[in-house]
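Structure first, commentary second.
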Amino acid sequence: MLTAICQVLARIPAGRVITYGDLAAMAGYPRAARRAGQALRQLPADTALPWHRVINASGRISLPEPAAQRQRERLEREGVIAIGGRIDLGRFRWQP
DNA sequence: GACTTGACTATCG
DNA sequence: TCGATAGCCAAGT
């Protein structure tokens, strides 16, 4: 599970995002969005994987505040801008 | 095994 | 657009 998630995660290009549901589905676990989140939670804080490119289906960040801010910063650095706290999935969502 | 717990999602008013 | 709600499902107790 975690390894499958990591493999998908590693393929997401900079400047793009993916939803928990899609991430789980692409890892081979459809309808397991919450599992995906739980898997990400286990990643080490200094991981090289782009965990910040994962957001929920509403285009919002589901993390508790300290982490959410770091995620927003990283995304903006890659060109993914949040308008009104929301990311435009139609424009930034990654689909292979 | 039964029960609870969420970094979720789809639907509805 | 937003909040409430009801499903979902693997892990942890």
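Quick note on labels: first sequence line is chain A, next is B, and so on, each numbered from 1.
- The pair A:Glu78-A:Arg53 meets the salt-bridge criterion, since a charged nitrogen lies less than 4.0 angstrom from a carboxylate oxygen.
- Across B:dA7, C:dT1, B:dA10, the shortest atom-to-atom separation from the side chain of A:Arg86 is found for C:dT1.
- Ranking C:dC2, C:dA11, B:dC8 by closeness to the A:Arg60 side chain, first place goes to C:dC2.
- Atom CD in A:Gln38 sits about 15 Å away from atom P in C:dC9, given to the nearest Å.
- In this structure, A:Leu23 places its CG atom 15 Å from P of C:dA10, rounding to the nearest Å.
- In this structure, the CZ atom of A:Arg34 is 16 Å from the P atom of C:dG12, given to the nearest Å.
- Rounded to whole angstrom, the span from the OH atom of A:Tyr29 across to the C1' atom of C:dA11 amounts to 13 Å.
- Heavy atoms of A:Ala32 sit nowhere under 4.0 angstrom from any nucleic acid atom.
- At whole-Å resolution of the value, CD1 in A:Ile83 and P in C:dT1 are 10 Å apart.
- We find that A:Asp22 and A:Arg93 are joined by a salt bridge, their nearest charged nitrogen and carboxylate oxygen being less than 4.0 Å apart.
- Looking only at distances, a side-chain donor or acceptor of A:Thr47 sits under 3.5 Å from a matching main-chain atom of A:Leu49.
- Rounding to whole angstrom units, CG of residue A:Leu2 and P of B:dA7 are separated by 16 Å.
- Here the side chain of A:Glu76 pairs no donor or acceptor atom with the backbone of A:Ile81 at under 3.5 angstrom.
- Computed from coordinates, the A:Ile5 CD1 to B:dC8 C1' distance equals 12 Å when rounded to whole Å.
- Atom-to-atom, OH of A:Tyr20 to P of B:dA10 comes out at 15 Å; the value is rounded to the nearest Å.
- For the OP1/OP2 pair of C:dC9 and a distance below 4.0 Å, the side-chain nitrogens and oxygens of A:Arg31 include at least one atom meeting the criterion.
- Using a 4.0 Å heavy-atom distance criterion, A:Thr19 is classed as a sugar-phosphate-only contact.
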